[in-house]
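The figures that follow rest on heavy atoms only: side chains count, while hydrogens, waters and symmetry mates do not. Note that the coordinates shown come from a computational prediction; the quantities given were computed from them, not determined experimentally.
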Amino acid sequence: MNALEMKQEFLTLYDKVTNQAAPGYTNSEISIFLNKAQLQFVKNRYNFKGNAYNEGFEETEKRRKDLAELTRNAELTGGTTNSSSQTGVSPNGEFFDLPDDLLYALREEVLTTSSTACYDALRIRVKPITHDEYAIEVNNPFAKPDKSVVWRLDISRDLTQGANNEKKRHELIAGTGMTVNKYYLRYLRVPTIINVDTNVSSEINDEVHGEIIDYAVRIATGITDPQAYPIKIKEQQGSE
């Protein structure tokens, strides 16, 4: 379904819900509703608490297909070729600039280098942790990073890139004597912006375009009828 077809279905459903008594919307406004709905759809599919069946991103075949078009791979090289700003990095840590279109990380591994032969060229898992966990475990020899795991902390954007190019970053912390050579990242990307005026369509699986339109109608109806908004949101959260 292209963007113009999504618009027509949106208008048909919107008129039906509002009994044709609500004000009309421009193409730009419909594009906004569709994009808000599209992003909410992705978040609900990723987060198991956001859908009726408490199913996570890949718990069913349907969920694997719903967002397959948004799955991407990135291979990031360590050192200044990736992120030139390392100010404030933790001991044995390194900041990595992330892809501009990253929404959620799905799978993370690293390739390490070490002066110790048995620790060199290991491809090991990445464990996301909180800053509180870091503070508690950093001096615990049985919990801190080693040859089997690298820690990952979420960190603020790199503001040195400029107002319009502020890079999202992760901080990776390796075990003593080890450095991260490459960071392998599989992630969900931010979906392409739907534009009714230029007929730029959603890149998400065609089979779920109807669900996105339903979301958009609920959002639009909630704006024109604020009292109905909580009901519409509850319906949206309970939909599949």
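- Side-chain contact annotation: Tyr215 with Asn44, donor-acceptor N/O pair under 3.5 Å present.
- Counting only N and O atoms by type, the side chains of Asp146 and Ser148 include a donor and acceptor under 3.5 Å apart.
- Side-chain contact of Tyr187 with Asp101: a donor-acceptor pair under 3.5 Å is present, judged by distance alone.
- Within the 4.5 Å cutoff, no side-chain heavy atoms of Asn35 are placed close to those of Ile32.
- Using cut-offs of 30° and 60° for the angle between ring planes, the Trp151 and Tyr134 rings count as perpendicular.
- For the side-chain contact (heavy atoms from CB on, under 4.5 Å) test, residues two or more places apart in sequence or in another chain that qualify with Leu39 are Lys43, Leu103, Pro191.
- A side-chain contact (heavy atoms from CB on, under 4.5 Å) with Tyr183 holds for exactly one of Val150, Leu98, Leu111; it is Leu98.
- A donor-acceptor pair is defined here as one N or O able to donate and one able to accept, closer than 3.5 Å; no such pair exists between the side chain of His209 and the backbone of Ala3.
- From Phe10, atom CZ reaches atom CG of Leu4 across 14.0 Å, with rounding to the nearest 0.5 Å.
- No side-chain donor from either of Glu94 and Thr179 sits under 3.5 Å from a side-chain acceptor of the other.
- Taking both residues in full, the closest heavy atoms of Val138 and Ala135 are given as CG1-O, 4.0 Å, listed atom of the first, atom of the second, then distance.
- No chain of hydrophobic side-chain contacts below 4.5 Å, direct or via other Ile, Leu, Val, Met, Phe, Trp or Tyr residues, connects Val149 to Leu122.
- Between the OG atom of Ser28 and the CZ atom of Phe33 there is a distance of 11.5 Å, given to the nearest 0.5 Å.
- Residues His131 and Leu153 meet the side-chain proximity criterion, which asks for heavy atoms closer than 4.5 Å.
- Salt-bridge formation is not detected for the pair Asp154/Lys168: no Lys NZ or Arg NE/NH1/NH2 atom is positioned less than 4.0 Å from an Asp or Glu carboxylate oxygen.
- Counting heavy atoms from C-beta on, the side chains of Leu102 and Leu185 come closer than 4.5 Å.
- A salt bridge does not link Lys127 with Glu133: every distance from a Lys NZ or Arg NE/NH1/NH2 to an Asp or Glu carboxylate oxygen is 4.0 Å or more.
- Between Tyr25 and Tyr14, the ring center distance clears the sub-6.0 Å criterion.
- Taking 4.0 Å as the cut-off between side-chain N and carboxylate O, Arg189 and Glu69 do not count as a salt-bridged pair.
- Using a 4.5 Å heavy-atom threshold, the side chains of Thr198 and Val200 count as touching.
- From Glu211, atom CD reaches atom CZ of Phe41 across 5.0 Å, with rounding to the nearest 0.5 Å.
- Under the 4.5 Å side-chain criterion, counting only non-hydrogen atoms from C-beta, Asn181 is not in contact with Thr112.
- Between Val42 and Val190 the shortest side-chain heavy-atom distance does not fall below 4.5 Å.
- Residue Val110 comes nearest to Val126 through the heavy atom pair CG1-CG2, 3.6 Å, listed as atom of the first residue, atom of the second, then distance.
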Test side chain to side chain contact (heavy atoms under 4.5 Å, CB included) applied to Ile213 and Leu13, step by step: CA-CA 9 Å; Ile213 294 167; Leu13 294 175; 3.9 Å; yes
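- The side-chain tip of Arg123 points at the ring of Tyr184 from less than 6.0 angstrom away and within 45° of straight on.
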Candidate pair Asn139 and Lys144, rule side chain to side chain contact (heavy atoms under 4.5 Å, CB included), full reasoning: CA-CA 7 Å; Asn139 293 316; Lys144 65 182 184 179; 6.0 Å; no
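- For the atom pair CG (Leu70) and CD1 (Ile204), the distance works out to 5.0 Å, reported to the nearest 0.5 Å.
- Ile124 has its side chain out of reach of Lys147: every pair of non-hydrogen atoms, C-beta onward, lies at least 4.5 Å apart.
- Ser90 and Glu171 make their closest contact through N-OE2, 2.6 Å (heavy atoms, listed as atom of the first residue, atom of the second, distance).
- More than 12 heavy-atom neighbours from other residues, nucleotides or ligands sit within 6.0 angstrom of CD on Glu29.
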Working for side chain to side chain contact (heavy atoms under 4.5 Å, CB included), residues Glu9 and Met1: CA-CA 10 Å; Glu9 186 166 330; Met1 190 182 301; 3.3 Å; yes
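- Side-chain atoms of Gln38 come within 3.5 Å of backbone N or O of Thr192 as a donor-acceptor pair.
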Test side chain to side chain contact (heavy atoms under 4.5 Å, CB included) applied to Asn27 and Lys7, step by step: CA-CA 8 Å; Asn27 284 350; Lys7 169 194 170 181; 2.8 Å; yes
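- With values rounded to the nearest 0.5 angstrom, Ser202 atom OG is found 9.0 Å from Leu34 atom CG.
- Between the side chain of Asn205 and the backbone N or O of Val208, no donor-acceptor pair lies under 3.5 Å.
- Side chains of Thr113 and Met178 form no contact here, defined as non-hydrogen atoms less than 4.5 Å apart.
- Here the closest non-hydrogen pair linking Val196 and Ile30 is CG2-CG2, 4.2 Å.
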Salt bridge (charged side-chain N to carboxylate O under 4.0 Å, His left out) assessment of Glu108 paired with Arg125: CA-CA 6 Å; Glu108 302 167 80; Arg125 69 186 181 95; over 6 Å; no
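- Ser114 approaches Gly177 most closely through the heavy-atom pair OG-O, 3.3 Å.
- Looking at every heavy atom in both residues, Arg169 comes nearest to Asp97 through CG-OD1, 3.4 Å.
- The distance from the CD atom of Gln40 to the CD1 atom of Ile212 is 11.5 Å, given to the nearest 0.5 Å.
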